[in-house]
Amino acid sequence: MKLKLYILLFLSSIGFAQSLETKIDTTKNKIGAQFTLSLKVKSNTKTVVVFPKDKTFGTFEVIESYPIDTVKEESKFELIKKYGLIQFDSGKYVIPRLPVLVNKKQFLSDSIKVEVFNVKVDTLKQKMYDIKPIIEAERPFGNWWKYFLGLLLLAGLGYLGYRLFKKYQKPKSEEIVYSTPIEKATALLQLLEKKQHLQKGEIKAYYSEMTDIARDYIEEAIEIPAKESTTSELIVTLRQAASKRKLKLSKEVVESLERVLKQADLVKFAQSKPLDFEITDDRKKIEKSLIGIHQSIPVVVDDNSVKWQKEQEEIRKKQARKKRIASIAGIAGFLLLCILIFVVITKGIDFVKNGFTGPSTKELVKGNWIKSEYGNPAIILETPAVLTRIDASKAIPKDATGLIKDTQMFAYGSFIQKFYIAISATEFKQKQELDLSKALDGMIQTMEVQGCKNIVVKQDEFATKDGLKGLKGYGTLSFNDEKMVYQVLLFTQDGGLQQILIAFKEGDENGQKISDRMLQSVELKKAP
């Protein structure tokens with residue numbers, strides 16, 4: 001049966017096995033030391049041979065690609081291609097099979113197992129330190145009141161900042177809407193007093209603005225060209241308009257207005273400086289004149305005027321509505337900020353980065369862990385959450401369904417959520433010796449089918465607390481342009497296969513803590 005499983009792996013190399021030789025100068029070396037890999041091809045003068053040109057062979061970096069050596073042997077040639085390989089992490093590795101093209105036909109070199117050792121350090125020369133005291137583990141949410149007080153403090157600081165912002169915020173210059181021309185004129189006269197032109201000695205500016213208000217009102221209310229007219233022309237035109245429209249405009253109102261306008265002309269053009277009581281009297285005359293003109297105009301119900309007033313009312317309502325919406329949006333934004341800060345404190349920034357979906361490794365590492373059994377023979381280990389049984393039929397290749405008797409799979413999370421735990425136990429129909437290295441290759445291929453890319457594979461021996469030995473695979477991978485770290489444990493008992501996979505985002509310290517604790521807790525029930 002074992003021969004049937006692996007016969008296809010050797011079919012591609014039978015025809016050229018004696019012509020392609022693979023050698024390496026040493027199978028054991030120190031970190032940073034070079035391995036020299038040699039590929040030898042026997043050919044004739046008409047054979048075209050293309051050697052690999054990659055910069056990496058599996059987990060090894062190609063630091064030197066030497067020129068091809070040609071050795072003539074009778075009527076044939078030997079082409080020898082050497083590569084300098086290097087690895088900066090200790091462990092047991094496999095130099096993968098490399099493709100060599102001979103007359104456009106691909107042949108694969110042999111894979112070679114090598115081992116990289118750490119540089120020994122004399123620990124007697126290192127400074128010794130005392131054992132650190134025992135620190136009580138922090139209980140998850142045991143100090144919940146601290147989080148609550150922190151949230152209240154943040155809310156208070158936010159509210160204080162909002163109030164200070166509103167206090168010192170420069171008021172926006174909004175256009176004031178007036179319902180009638182007389183309302184506009186009286187409001188502008190009141191605003192004129194607040195500008196304090198007289199206190200600053202700006203008499204000319206005071207008279208100029210005051211008469212402009214009066215002229216604007218007359219032009220809007222009586223509909224005569226008051227802005228472009230001189231004082232004399234304005235008074236003549238005003239009297240003519242009053243006669244034509246039969247306005248009840250008294251002689252005193254017109255004469256009072258004329259005196260103030262002439263006084264303003266003297267101030268603006270003749271640099272006249274009236275006394276304080278004269279200025280106050282002129283201000284009162286202007287206001288009384290405008291009110292007198294307004295009272296002389298007959299009240300006529302005009303559809304256009306009514307429509308205009310309704311439009312102004314709608315404008316005021318819209319402005320008020322915008323203010324209410326802005327206030328509600330500000331409060332809602334502040335509350336969302338407080339909630340976001342609370343979530344970051346309690347669940348971690350990774351939970352937020354994942355779009356508030358998927359597991360929070362910060363919460364999992366501090367939560368209540370569960371010790372449970374999975375599969376048959378059982379895999380016993382501690383997990384931060386209960387693993388859910390999943391349908392394993394889709395994960396079994398079609399060509400392997402005839403060999404597998406039963407497969408049980410359990411999982412939590414996913415590669416998409418940047419945190420994934422998976423356990424599987426496979427029982428074969430016929431008992432056979434399994435090569436865990438090849439099983440690891442098959443698991444890597446399964447991860448590639450799921451969308452994982454750029455998988456870097458390292459392997460080492462592993463043993464449980466009870467002494468059951470297995471194989472540990474570990475490294476990095478890319479999923480949706482995110483780099484992740486993974487660890488795999490593989491065991492074989494009575495011809496069956498047990499696998500444990502843990503994957504998390506690179507740099508996630510809580511994910512690393514979860515992985516370490518899970519792997520340290522692994523126990524296996526021995527097959528009967």
Side-chain angles (χ1 to χ4, degrees), residues 140 347-348 350-351 353-355 357-392 394-396 407-426 436 439-440 442-452 455-459 462 464-465 468 470-480 482-491 497-525:
K347 291 184 175 292
D350 289 330
F351 180 74
K353 288 181 178 179
N354 291 337
T357 59
S360 166
T361 54
K362 181 176 181 179
E363 190 175 20
L364 289 174
V365 77
K366 294 182 178 181
N368 296 322
W369 283 58
I370 301 164
K371 188 173 183 179
S372 187
E373 299 182 2
Y374 301 94
N376 184 29
I379 302 172
I380 307 171
L381 78 165
E382 292 182 354
T383 58
V386 178
L387 308 187
T388 305
R389 182 187 293 269
I390 61 175
D391 185 8
K394 297 180 180 179
I396 301 175
T407 296
Q408 300 179 44
M409 297 185 69
F410 307 85
Y412 177 80
S414 66
F415 283 113
I416 296 176
Q417 296 172 342
K418 306 298 183 294
F419 183 80
Y420 187 39
I421 300 174
I423 295 177
S424 67
T426 303
L436 292 181
L440 176 61
M443 195 168 188
I444 297 301
Q445 292 175 5
T446 302
M447 292 164 63
E448 289 177 341
V449 171
Q450 293 178 343
C452 300
I455 302 178
V456 178
V457 186
K458 304 175 185 179
Q459 61 182 34
F462 184 87
T464 65
K465 298 176 183 178
L468 273 174
L471 180 67
K472 178 181 179 181
Y474 57 98
T476 59
L477 59 86
S478 296
F479 188 86
N480 290 345
E482 286 281 357
K483 198 168 184 180
M484 298 180 66
V485 177
Y486 75 92
Q487 297 192 55
V488 177
L489 294 185
L490 299 103
F491 302 93
L497 179 64
Q498 296 161 304
Q499 302 176 95
I500 303 172
L501 167 66
I502 308 168
F504 52 90
K505 190 175 179 180
E506 187 179 42
D508 185 356
E509 296 180 359
N510 294 311
Q512 186 64 56
K513 291 178 182 178
I514 293 172
S515 177
D516 294 341
R517 180 172 174 179
M518 285 182 57
L519 297 186
Q520 290 173 6
S521 69
V522 172
E523 300 176 31
L524 297 177
K525 279 192 175 180

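Residue numbers start at 1 and run along the sequence shown. Both backbone and side-chain heavy atoms feed into the values below; hydrogens, waters and symmetry mates do not.
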Criterion side-chain contact (heavy atoms from CB on, under 4.5 Å) on Leu497 and Phe491, from CA distance to verdict: CA-CA 6 Å; Leu497 179 64; Phe491 302 93; over 6 Å; no

Step-by-step side-chain contact (heavy atoms from CB on, under 4.5 Å) determination, Leu501 to Ile421: CA-CA 6 Å; Leu501 167 66; Ile421 300 174; over 6 Å; no

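For residues 375-385, every residue pair satisfying the salt bridge (charged side-chain N to carboxylate O under 4.0 Å, His left out) rule, not counting sequence neighbours, is listed here: Glu382-Arg517.
With a 4.5 Å cut-off on side-chain heavy atoms, Met447 and Ile455 count as touching. Inter-residue side-chain proximity for Leu477 and Ile444 is flagged as unmet; no heavy-atom pair is nearer than 4.5 Å. In this structure, the side chains of Leu524 and Ile380 stay at 4.5 Å or more apart for every pair of heavy atoms. Using a 4.5 Å cut-off on side-chain heavy atoms (C-beta onward), Leu364 and Asn510 make no contact. Between Met484 and Phe415, the closest side-chain pair of non-hydrogen atoms falls below 4.5 Å. The closest side-chain heavy-atom distance from Ile423 to Met409 is not below 4.5 Å. You'll find the side chain of Trp369 reaches within 4.5 Å of the side chain of Met518, heavy atoms only. By the 4.5 Å heavy-atom criterion applied to side chains, Phe419 and Tyr412 are counted as neighbours.
Between the side chain of Thr383 and the main chain of Val386, no donor-acceptor pair closer than 3.5 Å is present.
In this structure, Ile416 CD1 and Gln450 CD are separated by 10.0 Å, a value rounded to the nearest 0.5 Å. To the nearest 0.5 angstrom, Leu387 atom CG is 10.0 Å from Ile379 atom CD1. Remark: Lys483 NZ to Glu506 CD distance equals 4.5 Å, nearest 0.5 Å. The NZ atom of Lys458 sits 11.0 Å away from atom NZ of Lys472, with the distance rounded to the nearest 0.5 Å. Considering CD of Gln408 and CD of Gln498, their distance stands at 10.5 Å, rounded to 0.5 Å. Phe479 CZ to Ser414 OG: the interatomic distance, rounded to the nearest 0.5 Å, is 7.0 Å.
Closest heavy-atom contact between Ala411 and Ile390: CB-CD1, 4.1 Å. Of all heavy-atom pairs between Thr361 and Gly511, the closest is CB-N, 4.0 Å. Residues Phe462 and Leu519 come closest through the heavy atom pair CZ-O, 3.6 Å. Between Val522 and Thr464, the shortest heavy-atom distance links the atoms O-CB, 3.8 Å.
Residues that satisfy the side chain to side chain donor-acceptor pair (under 3.5 Å) test with Asp516, not counting sequence neighbours, are Gln512. Every residue two or more places apart in sequence or in another chain that forms a side chain to side chain donor-acceptor pair (under 3.5 Å) with Ser424 is listed here: Gln499. Shown here are the side chain to side chain donor-acceptor pair (under 3.5 Å) partners of Glu373, two or more places apart in sequence or in another chain: Lys525. Shown here are the side chain to side chain donor-acceptor pair (under 3.5 Å) partners of Ser515, two or more places apart in sequence or in another chain: Gln487. Applying the salt bridge (Lys or Arg N to Asp or Glu O under 4.0 Å) criterion to Glu523, with sequence neighbours excluded, gives Lys371.
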